[in-house]
Amino acid sequence: MDRRRPLSVTIRYIVLIALGVVFAFPFIWMVGTSLTAPSEILAKDRPVIPAHPQWENYKKAWTAIPVNTDLFGRPAQDFPAFAIFARNTVTVAVLCMIGQTLTAAMVAYAFARLRFPFREPLFLLVLSTMMLPPQVTMIPTFIMWAIPGWIDSLKPLIIPSFFGGGAFFIFLLRQFFLTIPKELEEAATIDGCGPFRIFWNVIVPLSKPALATVALFSFIGSWNDFLGPLIYTQSIEKKTLAVGLNAFKTLLGTQPHLLMAASVAMLVPILVIFFFAQKYFVQSVVTTGVKG
Amino acid sequence: MTAADAARVTFKPKRTDREKREAWAALVFLSPWIIGFIVFIAGPMIASLILSCCRWDMLSPAHWIGLANYREMAHDPMVHKSLANTIVYAAMYIPGSIITSLLLAILLNQKLPGMRIFRTIFYLPTLTQGVATFVLWSVVFEPEIGLFNRVLRPITHLFGYEPPRWLNDPAWAKPALVIMAVWGVGGMMLIFLAGLQNIPEQLYEAAEIDGANRWRRFLNVTLPMLSPVIFFNTNLTTIASFRVFDAAFVLTNGGPSKSTLFFVFYLFNEAFRHFNMGYASALAWLLFAIVLALTVIQVRFGQKWVHYG
């Protein structure tokens, strides 16, 4: 299929550019709206990108929702609520990323390399948990967190990620570990390394692309998570950006420029992380792909 | 190899020692998942099954009512309504997302400059899908000043119509949510792309020698070779469409006129707004049964058309 047919290549580019514009346009519209002056926002014929971008919209959005406590719960005047949401989101996302990546790698290593009874049926059990709708376990889990009084805290969002990291990440890392040549571990075994040192000193350093991919997915997953914080956080000091933005959607609804500025600000960290990790990400999709 | 085999035979007792040590190490490595499985999956599943046979509002003590919740479901008009909403959504979303992601993957499956940039553009909506992009679409769908109707209005006016009011119109709210969800097919596109790149080049060369044109090569080489991936993605989107919740919660709150009150949304309302924990658990098991049944049907049906090369 690599034979160049000039006409079909041209058509392909035209279709790709058209679709690329369609896919990218909502983002462009979002940025344009976020920079529009309040007086122009309701005009039906306003330009997509305003002639005079209003950068202070971002500052206004940041301070649009004032609260009476600061990051440490001390009384404060007109403290921006988005700072608290951002702090909570980063806390959850970073801790979940560490927990999921580390424990999924441990479990995946056992399935990829160690021999133990019932390995295959146990791995099937891991995969089958992907079929289970989270709604089945959601209610008893909620009741369970209510027992120590941890509703309206970040604990129910963080703690579960330290228990295996989920079937998808285990599967992805196991597929990657299987591609690592066994000779390296055999050499380490001869040098007297046990499974723990092999995991830490051989497998982990060789799996950086796959681990980076899992870390990226995990971070973005908790950054965008909505249902979890919706159920477990109630007070404003505990909300994450996702539920915080939703809660103030109606409040900011009459000011679309501020709403869009807040949304753009929430997307920027994801984009920055993605562009830094893209190299690793593509590399491990290629090696683990569905038909590895 | 022979030396190693000999060693294994000679030191047989030592090998079982090693096996034991390895099994213990495996237990340590697996322990996070084992504990997590018991505490967050198996335990809650059993609890949920028991709860589904109770009436409980979290305040007064629970009452065992047997299968009454399941009987109630059969006559609950909101169960029928929310299931119908979900099925209509799935009927649009499943073909829409499969066709779009396959088309994008085919367009990108060429060693030409710039493909990486396009791949990133098509993947970004998947990566960012969340409250921020839902809020973005609420502005895009806004009937008066929104992007969609600014583009559509000149066209619909030619025919003497006003453009649809999207999220404000019970007839257009579901299509609007489907359009937004199809925008996020980048993940499926990547899976298709990996599948396309696994098709051996020789198959196309052989087909070309046999005089097959582009369309016949697509029908007789690409589609059969890709059928396991199509099957996988279809199953994935079926499950996803029965779990649709976030977007409807943020954008329409189930409305207008309950047209986007999907099954999981109804379940959420019963559990966390009305605190009917027993009834909501029964609804969750119905959801599980539906998803399982659909998967079994797809696997059965799949044996007829999926070609494992």
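Note that the structure is predicted; figures quoted are calculated from it, not measured. Letters go in sequence order (proteins before strands), and every chain restarts at 1.
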Begin from the C-alpha positions of L30(B) and L122(A) and carry the test side-chain contact (heavy atoms from CB on, under 4.5 Å) through to its verdict.
CA-CA 10 Å; L30(B) 290 174; L122(A) 214 55; 4.0 Å; yes
Test your reading of the model: is there a side-chain donor-acceptor pair from K249(A) to the backbone of V135(B), 3.5 Å cut-off?
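No: the side chain of K249(A) does not pair with the backbone of V135(B).
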Could you tell me whether a side-chain N or O of R12(A) sits under 3.5 Å from a main-chain N or O of L107(B), the two making a donor and an acceptor?
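Indeed, once roles are kept as given, a pair shorter than 3.5 Å links the two residues.
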Looking at [options], which makes the most heavy-atom pairs under 4.5 Å with chain A?
options: G36(B), A132(B), A284(B); answer: A132(B)
options: G114(B), A47(B), A25(B), G130(B); answer: A25(B)
options: L124(B), V140(B), V291(B), I239(B); answer: L124(B)
options: V39(B), L108(B), D246(B); answer: D246(B)
options: I145(B), L267(B), L127(B); answer: L127(B)
options: R21(B), Q129(B), R153(B); answer: Q129(B)

Looking at [options], which one has more heavy-atom pairs under 4.5 Å with chain B than the rest?
options: I231(A), L227(A), L16(A); value: L16(A)
options: P133(A), G165(A), G164(A); value: P133(A)
options: I220(A), T33(A), L230(A), L271(A); value: L230(A)
options: I17(A), V15(A), V126(A); value: V126(A)
options: N246(A), I270(A), T129(A); value: N246(A)

For [X], is it the side chain, the backbone, both, or neither that has a heavy atom closer than 4.5 Å to a heavy atom of chain A?
X: L51(B); value: side chain
X: W24(B); value: neither
X: L49(B); value: neither
X: E142(B); value: neither
X: F37(B); value: side chain
X: T295(B); value: side chain
X: I38(B); value: neither

Check each atom of [X] against the heavy atoms of chain B and say whether the ones under 4.5 Å are side chain, backbone, both or neither.
X: M30(A); value: both
X: M131(A); value: both
X: M144(A); value: side chain
X: Y109(A); value: side chain

Taking all atoms of both residues into account, what is the closest heavy-atom pair of [X] and [Y], and its distance?
X: M277(B); Y: I139(A); answer: SD-CG2, 3.5 Å
X: P140(A); Y: P44(B); answer: CG-O, 3.3 Å
X: A26(B); Y: F116(A); answer: CB-CD2, 3.3 Å
X: G20(A); Y: I121(B); answer: O-CG2, 3.7 Å
X: I41(B); Y: L132(A); answer: CG2-CD2, 4.0 Å
X: V136(A); Y: M45(B); answer: CG1-CG, 4.2 Å

In terms of the angle between their ring planes, are [X] and [Y] parallel, tilted or perpendicular, with boundaries placed at 30° and 60°?
X: W183(B); Y: F27(A); result: tilted
X: F142(A); Y: F272(B); result: perpendicular
X: F122(B); Y: F23(A); result: perpendicular

Is the closest side-chain heavy-atom distance between [X] and [Y] below 4.5 Å?
X: V28(B); Y: F196(A); result: yes
X: F199(A); Y: F29(B); result: yes
X: W56(B); Y: I143(A); result: yes
X: Y13(A); Y: L112(B); result: yes
X: T137(A); Y: F40(B); result: no

Taking only heavy atoms into account, what residues of residues 100-107 of chain A are found under 4.5 Å from chain B?
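Residues of residues 100-107 of chain A touching chain B at under 4.5 Å: T103(A), M106(A), V107(A).
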Assess whether atom CG of L27(B) is packed by more than 12 heavy atoms of other residues, nucleotides or ligands within 6.0 Å.
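Count over threshold, so yes.
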Side chain to side chain donor-acceptor pair (under 3.5 Å) partners of residues 37-50 of chain B, not counting sequence neighbours, each pair once:
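Of all non-adjacent pairs touching residues 37-50 of chain B, those that pass side chain to side chain donor-acceptor pair (under 3.5 Å) are S48(B)-W285(B).
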Quick one: list whatever passes ring pair (Phe, Tyr, Trp, His ring centres under 6.0 Å) with F219(A), sequence neighbours left out.
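Ring pair (Phe, Tyr, Trp, His ring centres under 6.0 Å) list for F219(A), sorted by chain: W223(A).
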Nearest-0.5 Å distance, CG of residue L259(A) to CG of residue L136(B):
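Answer for the CG-CG pair, L259(A) versus L136(B), is 9.5 Å.
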Between F134(B) and F226(A), is the gap from one ring center to the other below 6.0 Å?
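Between F134(B) and F226(A), the centre distance exceeds or equals 6.0 Å.
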Show, in sequence, the C-alpha distance, side-chain angles and deciding distance for L147(B) and F25(A), and conclude whether the side-chain contact (heavy atoms from CB on, under 4.5 Å) test is met.
CA-CA 9 Å; L147(B) 168 68; F25(A) 214 80; 3.4 Å; yes
Let me see the working for R150(B) and R46(A) under side-chain contact (heavy atoms from CB on, under 4.5 Å), right down to the final yes or no.
CA-CA 10 Å; R150(B) 263 180 74 167; R46(A) 71 178 163 87; 3.7 Å; yes
Side chain to side chain contact (heavy atoms under 4.5 Å, CB included) involving V264(B) - partner list, sequence neighbours excluded:
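Scan of V264(B) (side chain to side chain contact (heavy atoms under 4.5 Å, CB included), adjacent residues dropped) gives Q135(A), F245(B), L287(B).
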Please determine whether side-chain contact (heavy atoms from CB on, under 4.5 Å) holds for the pair T128(B) and F274(A), giving the CA-CA distance in whole Å, both sets of side-chain angles, and the decisive distance to 0.1 Å.
CA-CA 10 Å; T128(B) 52; F274(A) 178 68; over 6 Å; no
